[in-house]
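Have a look at the structure below, then the notes.
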Amino acid sequence: MYQQEKIKPYGSSGDKGKLVEKMFDNIADNYDTLNHRLSWNIDKGWRRKAIRQLEGFHPQVILDIATGTGDFAIQSASLLKPQKVIGADISEGMMAIGRKKVEAMGMGDMISFQKEDSLNMSFADNTFDAVTAAFGIRNFQDLDKGLSEMHRVLRPGGHLSVVELTTPVKFPMKQLYALYSHTILPLFASLFAKDKSAYEYLTATIEAFPQGEQMMDILRKAGFQEVSFKRLTFGICTLYLAQK
């Protein structure tokens with residue numbers, strides 16, 4: 001078991017998947033606004049770079065895991081022009097906001113949303129040309145199983161593009177990030193978030209989540225090959241690219 005799998009929202013016992021679902025339902029209304037503010041809108045650029053990793057492969061059917069409010073799915077559809085993007089998530093509250101965005105943008109023919117357990121998805125083997133995930137896989141109750149499911153639904157030769165929050169490893173960003181995440185971020189969350197404990201959980205999972213070379217090994221164990229990673233913004237975020 002990886003360290004982040006032991007961390008549960010609200011410090012509660014019980015099924016982590018159910019607790020994560022409850023947490024994201026609770027924070028859905030202000031999730032986008034708060035996240036953009038906390039990252040100074042840099043998160044939009046991170047997503048764009050993750051999508052650009054797939055451009056040369058021209059995926060036509062894409063699955064966006066832990067899609068949340070659909071930002072990554074919408075950006076993928078806009079930049080890659082695929083035939084279809086399915087956003088999958090455990091939280092209906094988050095996806096309800098995503099559906100409103102898609103409807104307002106007139107992208108309903110290209111993007112759809114579906115409630116899925118990332119550890120046991122309903123999709124057939126070898127369904128998707130690409131699988132994407134932005135800032136979500138660290139919430140998996142079982143990371144190995146979740147990645148194996150993502151591998152299963154990818155067609156042979158298909159690609160996985162992941163963007164995940166990480167902790168800087170070099171001085172002085174490592175120390176500055178620790179100061180920000182343990183002082184400024186909690187203060188900001190307490191002022192503007194309806195559920196302060198949710199952001200305490202999210203910070204804890206970032207610090208506990210495997211990254212860099214360790215994450216590459218985990219992806220290989222799940223069956224992926226041609227695995228690579230790139231740190232962005234001094235290591236605050238990391239991109240991963242892998243092939244089935």
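These numbers were taken from a predicted model, which means no experiment stands behind them.
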Distance from [X] atom [atom1] to [Y] atom [atom2], nearest 0.5 Å?
X: Ile27; Y: Thr69; atom1: CD1; atom2: OG1; answer: 10.0 Å
X: Lys230; Y: Cys237; atom1: NZ; atom2: SG; answer: 11.0 Å
X: Asp89; Y: Asp64; atom1: CG; atom2: CG; answer: 9.0 Å
X: Lys18; Y: Gln141; atom1: NZ; atom2: CD; answer: 10.5 Å
X: Leu239; Y: Gln53; atom1: CG; atom2: CD; answer: 4.5 Å
X: Lys22; Y: Asn26; atom1: NZ; atom2: CG; answer: 6.5 Å

Inset, instruction - Begin from the C-alpha positions of Asn120 and Lys145 and carry the test side chain to side chain donor-acceptor pair (under 3.5 Å) through to its verdict. - result: CA-CA 8 Å; Asn120 186 27; Lys145 190 173 182 181; over 6 Å; no

Are [Y] and [X] co-members of a hydrophobic cluster defined by side-chain heavy atoms under 4.5 Å apart?
X: Leu202; Y: Ile65; answer: no
X: Leu232; Y: Tyr240; answer: no
X: Phe57; Y: Ile62; answer: yes
X: Leu179; Y: Ile206; answer: no
X: Val85; Y: Ile51; answer: yes

Legend entry - Min side-chain heavy-atom separation Glu5-Phe140 under 4.5 Å: no

Inset, instruction - Could you tell me whether the side chain of Phe234 reaches within less than 4.5 Å of the side chain of Leu176, counting heavy atoms only? - result: no

Between [X] and [Y], do the side chains contain an N or O donor and an N or O acceptor separated by less than 3.5 Å?
X: Glu200; Y: His182; value: no
X: Asn139; Y: Lys16; value: no
X: Asp142; Y: Tyr2; value: no

Legend entry - Pairwise ring-ring contact (aromatic ring centres under 6.0 Å, His included) hits with a residue in residues 78-136, at least two apart: Phe123-Phe128

Which pair of heavy atoms, one from [X] and one from [Y], lies closest together, and at what distance?
X: Gly235; Y: Thr166; value: O-OG1, 2.8 Å
X: Met121; Y: Glu116; value: CA-OE1, 3.4 Å
X: Pro210; Y: Leu143; value: CG-CD2, 4.5 Å
X: Ala133; Y: Met150; value: CB-CE, 4.0 Å
X: Gly212; Y: Arg231; value: CA-NH2, 4.0 Å
X: Ala50; Y: Val163; value: CB-CB, 3.9 Å

Sidechain N-carboxylate O distance under 4.0 Å for [X], [Y]:
X: Asp217; Y: Lys221; result: no
X: Arg138; Y: Glu164; result: yes
X: Arg52; Y: Glu55; result: yes
X: Asp71; Y: Lys101; result: yes

Legend entry - More than 12 heavy atoms from other groups under 6.0 Å of NZ on Lys115: yes

Inset, instruction - Might you confirm whether atom CD of Gln175 has over 12 heavy atoms from other residues, nucleotides or ligands at distances under 6.0 Å? - result: yes

Inset, instruction - Report the residues that fulfil salt bridge (Lys or Arg N to Asp or Glu O under 4.0 Å) with Glu213, sequence neighbours left out, ordered by chain and then residue number. - result: none

Legend entry - Ser161 side-chain N/O to Thr132 backbone N/O, donor-acceptor pair under 3.5 Å: no

Inset, instruction - Give a yes or no on whether the backbone of Gln60 and the side-chain of Asp129 come within a donor-acceptor separation of less than 3.5 Å. - result: yes

Legend entry - Verdict with supporting geometry, Glu92 and Arg99, salt bridge (charged side-chain N to carboxylate O under 4.0 Å, His left out): CA-CA 10 Å; Glu92 284 286 5; Arg99 290 186 182 101; 3.4 Å; yes

Inset, instruction - With sequence neighbours left out, write down each residue that passes side-chain hydrogen bond (donor to acceptor under 3.5 Å, both in side chains) with Arg152, or none if nothing qualifies. - result: Asp125, Glu149

